Number of protein chains: 2
Amino acid sequence: MMTERKLATLLRREGYKVTPQRRAILKIVTETHDHLTPAALYERVQKAQPHIGLVTIYRTIQILEQLGLICEMHAERTSRSYLLKRASEHHHHIVCSGCGTVTDVTHCELEKLQEQLAKETGFEIDGHILEFFGYCRQCQRLKAE
Amino acid sequence: MMTERKLATLLRREGYKVTPQRRAILKIVTETHDHLTPAALYERVQKAQPHIGLVTIYRTIQILEQLGLICEMHAERTSRSYLLKRASEHHHHIVCSGCGTVTDVTHCELEKLQEQLAKETGFEIDGHILEFFGYCRQCQRLKAE
DNA sequence: ATGATAATTGATAATAATTTTCATTTAACC
DNA sequence: GGTTAAATGAAAATTATTATCAATTATCAT
């Protein structure tokens with residue numbers, strides 16, 4: 001499991017400083033199971049670090065993304081949103097439209113389809129994005145009420 | 001094949017007026033094979049309608065999207081981008097990272113996977129987004145040079 | 001064809017998301 | 001503890017998108 005401490009070590013190893021602001025961000029990111037926009041992350045981090053600036057959030061997100069430690073979601077449109085990369089292999093997400101909880105889908109069987117499509121279309125296919133959305137158990141109950 | 005004229009008829013049928021501005025937008029959208037951001041569409045439409053406002057582009061895109069006549073792309077992040085919906089059924093796209101050309105993938109076999117995932121995770125899965133990216137034949141050649 | 005009417009347009013301003021700049025502060029290393 | 005390069009935050013700049021509103025215009029019934 002990825003913890004704040006492990007992420008901090010990874011950052012340090014890459015030459016980044018581990019500041020209290022960054023530590024607070026790492027804490028939130030490792031503890032949450034849903035995807036967060038920069039603004040949402042900012043709001044949560046402020047509780048621990050009231051004087052943090054939104055810019056710091058943006059900058060830290062950028063670093064974490066470059067190091068492949070967080071994933072960007074694709075289904076959201078108004079703002080970007082991110083979540084901790086829990087699975088190290090290639091994987092996809094199921095996102096709850098109700099609460100934003102994200103579950104990983106680690107068995108991806110699109111490579112065959114991808115090869116077939118490459119033959120059919122002449123494209124050299126480098127990758128794909130795939131995301132499922134719907135309602136998690138809890139939100140299904142809430143909807144039913 | 002979808003033409004400017006057919007789209008215009010559909011708009012009129014839905015109670016929308018077909019203005020010269022909209023006609024110019026429809027023309028570009030039906031003639032291009034890549035996805036366009038509002039700004040890119042604006043730039044192209046201006047050649048035919050120099051006095052058109054960017055707002056009109058946004059508004060027309062919104063109508064076309066509501067009527068299901070264009071698709072929004074998911075891979076782009078800085079701005080939204082759209083393309084004519086050529087296949088009426090559920091389908092996906094292969095996008096060229098070089099030139100932006102989009103090819104439809106009309107055989108989607110994710111329903112089974114989706115059912116399986118629903119069982120495994122307890123999610124009620126409503127849908128998915130899937131997009132492939134890589135290089136089209138022409139851009140492969142250009143890269144090779 | 002013409003005129004009435006409601007929708008559309010475009011200029012402008014407002015809002016939202018993201019990035020840049022730069023002087024000040026600070027984590028990491030010795 | 002001191003040095004140094006990186007990080008921070010305030011503020012401004014940029015980019016994307018949406019809202020407002022007076023002037024214009026496509027459509028439809030004549």
Side-chain angles (χ1 to χ4, degrees), chain A residues 4-5 7-29 35-67 69-70 72-82, chain B residues 4-5 7-28 35-67 70 72-82:
Chain A
E4 175 198 338
R5 195 167 280 193
L7 283 182
T9 305
L10 288 171
L11 280 189
R12 229 180 253 112
R13 184 176 301 163
E14 294 291 326
Y16 295 104
K17 293 180 179 174
V18 175
T19 62
Q21 292 90 333
R22 285 186 180 166
R23 223 178 296 235
I25 293 171
L26 300 181
K27 188 163 159 45
I28 301 294
V29 166
H35 55 115
L36 296 173
T37 61
L41 185 51
Y42 176 57
E43 214 175 293
R44 295 206 197 175
V45 171
Q46 270 192 320
K47 286 169 193 163
Q49 293 285 322
H51 292 307
I52 196 170
L54 181 53
V55 222
T56 298
I57 305 284
Y58 273 100
R59 283 189 284 230
T60 305
I61 284 177
Q62 192 175 301
I63 292 169
L64 293 174
E65 202 188 13
Q66 270 170 3
L67 297 182
L69 300 171
I70 53 173
E72 186 179 347
M73 298 292 300
H74 297 277
E76 284 284 318
R77 76 219 62 220
T78 48
S79 169
R80 299 172 187 180
S81 74
Y82 302 86
Chain B
E4 177 198 337
R5 196 166 279 192
L7 284 182
T9 305
L10 288 171
L11 281 189
R12 228 179 253 112
R13 186 177 300 163
E14 294 292 326
Y16 294 104
K17 292 180 179 176
V18 176
T19 63
Q21 292 92 331
R22 286 184 179 166
R23 222 178 298 231
I25 293 172
L26 300 181
K27 187 163 158 46
I28 302 293
H35 55 116
L36 296 173
T37 61
L41 184 52
Y42 176 56
E43 214 175 290
R44 295 207 197 174
V45 170
Q46 270 192 322
K47 286 171 192 163
Q49 294 284 323
H51 293 306
I52 197 170
L54 181 54
V55 222
T56 299
I57 305 283
Y58 272 100
R59 283 188 284 230
T60 306
I61 283 177
Q62 192 175 301
I63 293 168
L64 293 174
E65 202 187 12
Q66 271 170 0
L67 297 182
I70 54 174
E72 187 178 346
M73 297 291 300
H74 297 277
E76 284 284 319
R77 75 220 62 219
T78 49
S79 169
R80 299 171 188 181
S81 74
Y82 302 85

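Side chains are part of it too, since the values below use all heavy atoms of this structure and drop only hydrogens, waters and symmetry mates. Just so we're clear, the structure is a prediction, and the values are computed from it rather than from any experiment. Chain identifiers are assigned alphabetically (A, B, ...) following the order of the sequence lines, protein sequences preceding nucleic acid strands; residue numbering begins at 1 within each chain.
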Open item on the list: B:Arg22 vs B:Ile63, test: side chain to side chain contact (heavy atoms under 4.5 Å, CB included). Steps then yes/no.
Closed with: CA-CA 11 Å; B:Arg22 286 184 179 166; B:Ile63 293 168; 3.5 Å; yes
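Once rounded to the nearest 0.5 Å, the distance linking CG of A:Leu41 with CD of A:Gln46 reads 10.5 Å.
Rounded to whole Å, atom P of C:dA28 lies 15 Å from atom CD of A:Glu14. With rounding to whole Å, B:Ile63 atom CD1 is found 15 Å from D:dA26 atom P. Following rounding to the nearest Å, A:Arg23 (CZ) and C:dT26 (P) show an atom-to-atom distance of 14 Å. Between the CD atom of B:Glu43 and the C1' atom of D:dT15 there is a distance of 15 Å, given to the nearest Å. Rounded to whole Å, the distance from OH on B:Tyr16 to C1' on D:dC28 is 19 Å. Between the CD atom of A:Glu72 and the P atom of C:dA17 there is a distance of 15 Å, rounded to whole Å. A straight line from OH of B:Tyr42 to P of C:dG10 spans 9 Å, rounded to a whole angstrom. Put simply, CG on B:Leu41 is 12 Å from P on D:dT17, counting in whole angstrom units.
The environment of A:Glu43 atom CD is sparse: at most 12 non-hydrogen atoms of other residues, nucleotides or ligands sit within 6.0 angstrom.
Both A:Lys17 and B:Thr78 lie near DNA chain D, and the one whose nearest nucleotide falls closer to the 5' end is A:Lys17. Position along DNA chain D of the nearest nucleotide to B:Gln21 versus B:Gln62 favours B:Gln62 as the more 5'-ward residue.
Taking a 4.0 Å limit (strictly below) on heavy-atom distances, residues 53-61 of chain A reaches DNA chain C at A:Val55, A:Tyr58, A:Arg59.
Set against C:dT9, D:dG9, C:dT18, the side chain of A:Ile52 has D:dG9 as its closest nucleotide. For A:Arg80, counting side-chain heavy atoms from C-beta on, the closest listed nucleotide (C:dT9, C:dT19, C:dA28) is C:dT19. Nearest to the side-chain atoms of B:Pro20 among the listed nucleotides D:dA26, C:dT19, D:dT8 stands D:dA26.
Nearest approach of A:Pro38 to A:Arg80, heavy atoms of both residues: CD-O, 3.3 Å. Smallest separation of non-hydrogen atoms from A:Val45 and A:Ala24: CG1-CB, 3.9 Å. Taking each heavy atom of A:Ile70 and A:Tyr82 in turn, the nearest pair found is CD1-CD2, 3.8 Å.
Applying the salt bridge (Lys or Arg N to Asp or Glu O under 4.0 Å) test to A:Arg44 and every residue at least two apart in sequence or in another chain returns A:Asp34.
Remark: A:Ser79 is not in phosphate contact with C:dA16, judged by side-chain N or O atoms under 4.0 Å from OP1 or OP2.
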